[in-house]
Each structure stands twice: as C-alpha cells, then as structure tokens.
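Written below as structure tokens is the structure these notes are about.
Ligands are counted one by one from 1 in listed order, and the atoms in each one are counted from 1 as well. We count residues from 1, following the sequence as given.
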Amino acid sequence: MHAVVVVGNGPVGQTAALLLARWGITVVVLDQRTAREAVGSKSICQQRDVLDVWAAAGVPEIAAEGLTWTTARTFYRDRELFAWSFVDPGSSPLPPFVNISQSRTEQLLDQRIAAEPLIEVRWAYDVIRIDQDSDAVTLTCATDAGEVAVQASYVITATGGHCVLRDQLGVRFEGESFDDRFLICDIRADLPGWERERRFYFDPEWNPGRQVLIHPCPDSTYRIDWQVPAGYDLAEEERTGALDARTRKVIGDRQYEIVWRSVYRFQARLVDRMRVGRVLLAGDCAHLLAPFGARGLNSGVLDAENAAWKLAFVLRGWAPETLLDSYHDERHAAAVENLDVTSATMRFLVPHGEAAVRERHQVLEAAMTDPDARSRVDSGRLAEPFWYVDSPLTTADPTRPFGGRPARGQSPAVCPGVLVPDAPIHDPDRRTVTRLREIVRDGVLAITTSGQDVSPALKNAIDAPSRVVRLETIDDSGALSAALGARTGEVWLIRPDGHVAAVLADPDPATIAAVGRRMLGL
Ligand SMILES: Cc1cc2nc3c(=O)[nH]c(=O)nc-3n(C[C@H](O)[C@H](O)[C@H](O)COP(=O)(O)OP(=O)(O)OC[C@H]3O[C@@H](n4cnc5c(N)ncnc54)[C@H](O)[C@@H]3O)c2cc1C
C-alpha cells in the first residue's frame with residue numbers, strides 16, 4: 001500500500017507531490033492523460049508566497065523565469081483611474097507577482113519531479129472509482145492494461161474542475177456558471193512601455209461597453225483578455241479577419257504572432273467538504289473561481305502545502321489524524337474568501353440588470369474625479385495568502401487583534417493566523433545568511449525575543465521536528481524584528497507552513513506546551 005496517492009498531475013497535484021517528498025513521504029501521482037500537454041491560455045499570474053512554496057519544493061526557476069511586474073493600472077475609456085503597487089510587510093527577495101505560462105510552470109515542476117526518487121508518476125491512469133474504509137483508500141483505475149486497483153493510506157484529489165470522484169465521495173459542488181464569454185489571446189509582439197505592468201481597461205474605444213485586460217508575459221508575449229458578447233464565434237472572427245482587426249485596435253499596426261487563443265466561460269463553485277475521511281480535495285477539484293484576481297492556481301498551491309505538511313505529520317506519527325480536519329477548516333475558509341472576492345469582481349465586471357449596469361457606470365464616471373469612488377472600481381483583487389485567524393490551530397493574541405481584510409495590495413498586520421513575513425536572517429546553525437522562510441518549513445519554529453529556554457517545554461509537548469532560535473541572534477539587520485513588531489519577552493510559534501500559530505508574552509512551560517500541542521491538533 002502506498003503512503004499517499006495524488007490523483008491529478010496538474011500543477012496542484014505536482015506541488016503536493018513535491019512537498020510530500022520534501023517531508024520524506026513516498027507518493028504516487030496518477031493522471032488520466034497519456035502525457036503532459038502544453039495547453040495555453042490558463043494560469044499566468046503567480047503570487048510571491050506561492051513562488052516561495054515552489055522555491056521550497058525545489059523549483060525556484062518559476063520565480064526566476066517569470067516576468068516580474070509590480071504595478072496594476074486601471075483605465076476608464078482613455079483615462080487612467082488609478083494604479084497600485086504591492087507592499088511587502090517584510091523584505092522578501094521574491095517579486096510580488098510574476099507572469100509565466102501555466103504550461104511552463106508544469107514543465108518546471110515535471111523536471112523537479114523527475115529528479116525526485118520518492119515520486120512515481122503514472123500517466124494513463126484514469127481513476128474511475130474511489131472507495132475507502134478505516135484503513136485505506138482504494139482507487140480503481142482504467143489503464144491500457146485494463147482495470148487496476150491502487151491502494152493508499154491517504155489520497156489527495158487534485159483532479160481539476162471536471163472531477164467524477166466528487167459525487168462518489170458524496171461531496172456537493174454548488175455555485176454558479178457565468179454566461180458571459182471571454183476571449184483570451186496570447187500574442188507575441190514588441191509593445192514598448194507595456195512590458196512590466198498589468199493594464200485593465202473599462203469601456204475602451206476598442207471594446208466599447210466591455211473591458212479588456214492585458215498582462216505582459218516572458219518572451220515578449222502578452223495576454224489580451226476581451227469580454228465578448230454572448231454568441232461570440234472565434235472561428236468566424238478568424239475566418240473573416242475580424243480577430244486580426246480586433247487585435248490591431250489594441251496594439252496598433254505592428255507585427256504580432258498568435259501563440260494561443262481560446263474562449264472561456266467561468267464558474268464559481270465550492271465543495272461543502274475538503275476532507276472526506278482519508279481523502280483531501282485540493283485545487284480546482286475543490287473550488288472554481290473566475291480568474292480575475294488570479295486566485296485559482298495560487299490558492300490551489302496553498303491547498304497543496306496545507307495538505308502536504310499535515311499528511312506528512314500524521315504519517316510520521318507527529319500529529320493525530322484529527323489534524324486533517326483543520327485542512328478543511330482552513331482551506332475551505334480560504335476558498336470562501338476567494339469566492340467572495342472574485343464573485344464581487346465578476347458582479348462589477350459583468351453587471352446584470354439595468355440597475356447594476358447604471359450603478360457601475362456611475363461609479364466609473366465618479367472615479368474620474370473622486371478618489372473615494374475609485375475604491376469601488378473592482379478590476380480584481382489580486383491573490384493573497386489567507387489568514388487562519390479562526391483556525392482551531394491558532395491561538396489568538398488579544399494585543400494583536402486581526403484587523404480584517406486589508407486594503408488591496410497590502411498584507412494584514414502580523415498576528416496569529418497570518419503568514420509570517422520574510423526577511424533576511426543569519427542562521428547560526430548553518431553559519432550562513434539566509435531568509436526566515438527558508439528555515440520555517442523544517443518543522444515547528446519557536447522564535448524567542450529574550451532568550452527564554454523554551455526547548456524543554458516544546459520537546460516535552462510535541463514529538464515533531466522543532467527548533468528554537470533567539471531573535472537577536474538571527475536578525476543582524478533588525479528587519480525581521482521590525483516586520484514582526486516583536487516585543488521583549490515574547491515567544492513566537494510558527495507552523496511548518498510559515499503561519500504564525502501563537503505569540504505568547506512571557507509564557508510559562510505549561511502554556512508553551514498547551515499551545516504547541518494545539519498547533520498540531522494534539
Ligand atoms: C483563462 C484562465 C486564466 C487563469 N489565470 C490564472 C492566473 O493567472 N493565476 C492563477 O492562480 N490561476 C489562474 N487560473 C486557474 C488555473 O488555471 C487553475 O486553478 C489550475 O489549472 C488548477 O490546477 P489543478 O492542478 O487543480 O487542476 P488541473 O490543472 O485541471 O489539473 C487536473 C489534472 O487532473 C487530471 N484528472 C482529472 N480527473 C482525473 C481522474 N479521474 N483520474 C486521473 N486524473 C484525473 C487531469 O488530467 C489533469 O491533469 C486561470 C484559469 C483560466 C481558465
């Protein structure tokens with residue numbers, strides 16, 4: 001029997017497999033396709049903390065190869081309404097966002113998987129049935145050799161939106177499908193001045209009454225995303241030359257080459273359960289989001305990380321199986337937030353009904369002159385990590401209350417539940433300068449501000465890899481102390497996925513033990 005089987009070799013399944021292998025867990029990845037297909041026009045826009053997860057998974061090339069952009073501009077007709085850039089609460093060496101095609105991301109993940117002896121990939125394994133009992137999950141797979149049963153202690157289904165296994169698991173997948181259509185063309189062209197910015201146009205003269213989104217990508221490629229009328233016919237536009245005319249209205253009379261084009265409709269759906277016994281649902285299999293805000297794959301990767309460390313801790317005997325309940329608690333709450341954000345964007349982008357259309361028009365008109373109205377213009381709130389402030393693993397700190405969803409481009413103030421900011425540190429054990437995020441993923445990390453000896457209490461309470469460091473010995477520059485807002489006498493407990501589990505002021509050993517156990521579901 002395998003320790004973990006990941007069903008679905010898309011980017012979420014690939015990431016989950018790599019992160020499990022990082023914890024020393026053997027993984028089999030099954031996919032119904034016969035081989036990797038380089039499909040275009042899917043995800044491009046990947047967020048800093050997701051790039052950080054991929055770097056931890058051994059694939060720093062995604063950040064390195066991606067095209068960095070820092071500014072999002074929003075226009076109404078021929079006028080720029082506003083622009084924003086992203087604020088880093090710490091000082092990460094990673095860019096806030098890069099654009100890179102999903103097919104290249106998958107290729108880079110494949111290369112790392114090929115070099116990882118703990119991962120076995122089986123293409124042409126179509127999982128047609130899933131059964132489980134208290135000991136194992138059995139997957140019935142249609143293969144070239146007939147039906148094959150594969151057994152595992154735990155399964156991650158990362159099977160994408162079209163998943164036949166959800167029904168068998170008894171999971172509901174409710175939500176809505178949007179009728180509106182979007183034409184997405186990736187073109188290669190030289191567009192001076194457009195290389196480093198995301199541009200969103202409401203009602204431009206070259207797509208009147210609708211909007212257009214333009215993203216720069218590596219290799220002089222640009223993604224142009226037009227909202228198009230119902231009944232839009234791509235084949236007909238290609239045949240008549242209307243697609244060429246449409247493109248030239250945006251880029252002018254320049255040479256260009258179409259790399260990929262497709263027409264999409266989007267859905268907003270969420271499963272009611274992300275854990276069903278020994279099965280964890282991740283990525284598009286668990287939630288489908290409209291892509292404005294780039295929250296699909298970005299949040300799927302964070303599902304993969306959450307699932308991987310928890311499964312690894314359970315399999316290694318460091319945490320009880322009930323820790324897996326917190327996978328649902330945390331990632332379902334994250335998906336609800338993502339749905340809320342992306343659905344609000346869709347309501348603004350494609351208002352339905354005369355009143356909604358009129359209101360949007362009024363907001364856009366007002367935003368030309370009124371800065372307050374600009375905050376109501378919704379061209380997408382870009383992906384951000386979720387704050388596990390209500391998680392059963394988090395211990396709140398009354399002196400650091402969660403301030404709610406922060407302003408666009410900002411991170412919440414650091415408090416329990418929030419992803420710890422990154423900063424350069426000196427690692428005394430490795431005698432090297434590194435960054436905080438490179439040491440958080442090795443287990444439970446305790447950072448003390450007054451050199452309290454918390455190791456005995458922590459080691460008595462939990463039987464998992466843990467490390468205690470004194471803040472002043474790792475923080476030569478003071479950047480980390482400033483980012484944390486750390487105070488004298490505190491102990492910071494950080495989870496293996498970098499989220500702050502607790503900040504304790506002058507804790508006694510019993511409190512450290514209780515909070516340490518809580519963060520592992522003990
Ligand atoms: C136009 C567009 C733009 C987007 N832009 C962004 C963006 O900028 N940023 C972002 O973060 N996200 C974006 N997304 C979303 C992103 O593409 C998805 O979130 C991502 O593909 C989800 O990855 P996944 O691994 O969960 O699923 P998938 O990529 O769908 O992979 C699922 C895999 O499971 C396999 N599979 C399915 N069923 C079975 C079975 N029964 N047995 C075996 N194998 C099976 C499939 O063959 C496939 O390989 C965009 C999406 C679209 C459509």
Under the salt bridge (charged side-chain N to carboxylate O under 4.0 Å, His left out) rule, what pairs show up with a residue in residues 21-30, not counting sequence neighbours? Arg22-Asp442
Do any N or O atoms from the side chain of Gln47 and from the backbone of Glu384 form a donor-acceptor pair under 3.5 angstrom? no
Once side chain to side chain donor-acceptor pair (under 3.5 Å) is applied, do any residues pair with Arg269, and if so which ones, sequence neighbours excluded? Ser177, Gln267
What I want to find out is whether Asp378 reaches Arg360 closely enough, with some N-O distance under 4.0 Å, to be called a salt bridge. no
Show me a pair-per-line table, with atom names and distances to 0.1 Å, of protein N or O atoms that are under 3.5 Å from an N or O of ligand 1.
residue  : atom   : partner : partner atom : Å
ligand 1 : 8 (O)  : Ile44   : N            : 3.2
ligand 1 : 8 (O)  : Cys45   : N            : 3.0
ligand 1 : 9 (N)  : Ser43   : OG           : 2.9
ligand 1 : 9 (N)  : Cys45   : O            : 3.3
ligand 1 : 11 (O) : Ala294  : O            : 3.3
ligand 1 : 11 (O) : Leu297  : N            : 2.9
ligand 1 : 11 (O) : Asn298  : N            : 2.8
ligand 1 : 11 (O) : Asn298  : ND2          : 3.3
ligand 1 : 12 (N) : Ser43   : OG           : 3.2
ligand 1 : 12 (N) : Leu297  : N            : 3.0
ligand 1 : 17 (O) : Gln102  : OE1          : 2.7
ligand 1 : 19 (O) : Asp284  : OD1          : 2.8
ligand 1 : 19 (O) : Asp284  : OD2          : 3.4
ligand 1 : 19 (O) : Leu297  : N            : 3.0
ligand 1 : 21 (O) : Gln102  : NE2          : 2.9
ligand 1 : 25 (O) : Pro11   : N            : 3.4
ligand 1 : 25 (O) : Val12   : N            : 3.0
ligand 1 : 26 (O) : Asp284  : N            : 3.0
ligand 1 : 41 (N) : Val127  : O            : 3.0
ligand 1 : 42 (N) : Val127  : N            : 3.0
ligand 1 : 44 (N) : Gln32   : N            : 3.0
ligand 1 : 47 (O) : Asp31   : OD1          : 2.7
ligand 1 : 47 (O) : Arg33   : NE           : 3.3
ligand 1 : 49 (O) : Asp31   : OD1          : 3.4
ligand 1 : 49 (O) : Asp31   : OD2          : 2.6
ligand 1 : 49 (O) : Arg33   : NE           : 3.1
ligand 1 : 49 (O) : Arg33   : NH2          : 2.6

N/O donor-acceptor pair under 3.5 Å between Arg199 side chain and His215 backbone: no
Donor-acceptor pairs are to be reported for all side-chain atoms of residues 144-155 against protein atoms at under 3.5 Å, with residues two or more places apart or in another chain.
residue : atom : partner : partner atom : Å
Gln151  : NE2  : Thr138  : OG1          : 3.0
Tyr154  : OH   : Glu321  : OE2          : 2.4

